[in-house]
Amino acid sequence: MPLPPDCTYFPACFAPEERLYERLLHDLPWQADHIKIYGRLVEVPRRIAMFGADYRYSGVDHSARPPAPLLAEVQARVEARTGLRFTGVLANLYRSGADDIGWHRDDDYAHGGQDAIASVTFGAERRFLFRHKDDPALTFETALADGSVLVMGGVNLKTFKHSLPKMARMSQGRINLTFRHIVEP
């Protein structure tokens, strides 16, 4: 399955018997966020927790917590596998196929930082879509499996949007950890 430029996929970095989906589901302090869309306050269709560095997107401030030991362990393994270093992790809980995230780019590092994100999947396999920001006909699709790591960087973050669409018949949950290198002001 082809990927857009500056993307690398590492399958099976974490084993199912580690039960990381269940452990993270119960260990992390998930919160419901609300954002304004066309003047209306709308609940974000997923649950979120931020660790390691403050982060702001869609007008929502996330004050980071120190990383829990389990997250620090996952981060160390991701850094060893990718050769990248990270200062924060945004955790997203997609409770079922009804939870999603629309088209967006992770290009909002107001104070600088590394232009690479390591996206780790635990739980249900989900479709992940890419679309060129200037040429919507240029698309890519991949499936992100349990225990996998997808690194998106450079050209990809600057020129492609990505999304995790709804999947009507999906009842299982998915946790996505997006490791980032954020520079504090």
Side-chain angles (χ1 to χ4, degrees), residues 3-14 18 20-21 23-25 27-31 33 35 44 46-94 101-123 126 128-133 140 142 144-164 174-185:
L3 290 170
D6 281 347
C7 281
T8 307
Y9 185 68
F10 301 96
C13 292
F14 298 88
E18 293 180 81
L20 287 164
Y21 174 81
R23 292 167 62 195
L24 291 165
L25 179 65
D27 287 356
L28 300 186
W30 300 106
Q31 67 187 51
D33 276 348
I35 58 173
V44 173
R46 62 193 170 281
R47 297 296 183 256
I48 296 167
M50 185 68 199
F51 300 89
D54 291 342
Y55 186 60
R56 178 181 175 84
Y57 72 92
S58 297
V60 179
D61 289 309
H62 291 276
S63 296
R65 300 166 180 89
L70 181 55
L71 280 178
E73 175 188 325
V74 171
Q75 180 174 334
R77 289 172 61 185
V78 169
E79 289 178 343
R81 178 66 180 211
T82 64
L84 300 169
R85 297 293 170 252
F86 302 102
T87 60
V89 58
L90 176 64
N92 292 285
L93 170 61
Y94 300 89
I101 188 166
W103 292 107
H104 69 284
R105 289 186 3 227
D106 291 304
D107 62 348
D108 52 358
Y109 292 101
H111 307 291
Q114 177 175 286
D115 65 346
I117 294 173
S119 174
V120 184
T121 296
F122 297 115
R126 293 281 298 264
F128 194 70
L129 310 176
F130 295 92
R131 176 175 78 190
H132 195 279
K133 70 180 182 77
F140 296 86
T142 191
L144 300 178
D146 181 37
S148 67
V149 176
L150 173 69
V151 176
M152 300 178 289
V155 169
N156 178 271
L157 293 179
K158 289 177 181 62
T159 61
F160 282 85
K161 293 182 175 186
H162 52 269
S163 74
L164 185 83
R174 170 186 187 259
I175 291 175
N176 172 244
L177 304 177
T178 55
F179 289 96
R180 303 153 184 273
H181 188 275
I182 299 168
V183 176
E184 300 285 344

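Since we're looking at a predicted model, the values are computed, not measured. Residues take their numbers from the sequence shown, with the count starting at 1.
Closest approach of Arg180 and Ile117 over heavy atoms only: NH1-CD1, 3.6 Å. Here the shortest heavy-atom pairing between Ile101 and Ser163 reads O-CB, 3.4 Å. Annotation for Asp146 and Gly123: closest pair OD1-N, 2.9 Å, computed over non-hydrogen atoms. Shown here for Ser148 and Pro11, the closest heavy-atom pair between the two residues is CB-CA, 4.1 Å.
Inter-residue side-chain proximity for Trp30 and Ile175 is flagged as met; some heavy-atom pair is nearer than 4.5 Å. At a threshold of 4.5 Å between non-hydrogen side-chain atoms, the residues His104 and His162 count as touching. Put simply, the side chain of Leu144 does not reach to within 4.5 Å of the side chain of Arg126, judged on heavy atoms. A heavy-atom distance below 4.5 Å is found between the side chains of Cys7 and Phe130. Within the 4.5 Å cutoff, side-chain heavy atoms of His132 are placed close to those of Thr159. Residues Val78 and Leu177 fail the side-chain proximity criterion, which asks for heavy atoms closer than 4.5 Å.
With values rounded to the nearest 0.5 angstrom, Phe122 atom CZ is found 9.5 Å from Arg23 atom CZ. Taking CG of Asn156 as the start and CZ of Arg105 as the end, the distance is 10.0 Å to the nearest 0.5 Å. Taken to the nearest 0.5 Å, the OH atom of Tyr9 stands 9.0 Å off from the CG atom of Leu3. Note that CZ of Phe179 and CG of Leu90 are 10.5 Å apart. Values are rounded to the nearest 0.5 Å. Here the CG atom belonging to Leu129 is positioned 13.5 Å from the NZ atom belonging to Lys161, to the nearest 0.5 angstrom. Residue Asn176 holds its CG atom at 11.0 Å from CD1 of Ile48, rounded to the nearest 0.5 Å.
The side-chain contact (heavy atoms from CB on, under 4.5 Å) check on Cys13 picks up Phe10, Arg81, Val149, with sequence neighbours excluded. When the side-chain contact (heavy atoms from CB on, under 4.5 Å) test is applied to Pro5, the partners found at least two apart in sequence or on another chain are Val155, Phe160.
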Considering only distance and modelled atom types, tabulate donor-acceptor pairs under 3.5 Å from the side chains of residues 68-76, sequence neighbours left out.
| from | atom 1 | to | atom 2 | distance (Å) |
| --- | --- | --- | --- | --- |
| Gln75 | NE2 | Glu79 | OE2 | 3.0 |
| Gln75 | NE2 | Phe86 | O | 2.9 |

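Of the candidates Leu25, Leu93, Leu28, Leu93 is the only one forming a side-chain contact (heavy atoms from CB on, under 4.5 Å) with Arg47.
Using a distance-only test at 3.5 Å, with no hydrogens or angles considered, no donor-acceptor pair links the side chain of Thr142 to the main chain of Phe128.
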| task | Take Arg46 and Leu164 through the side chain to side chain contact (heavy atoms under 4.5 Å, CB included) test and state the conclusion after the steps. | result | CA-CA 11 Å; Arg46 62 193 170 281; Leu164 185 83; over 6 Å; no
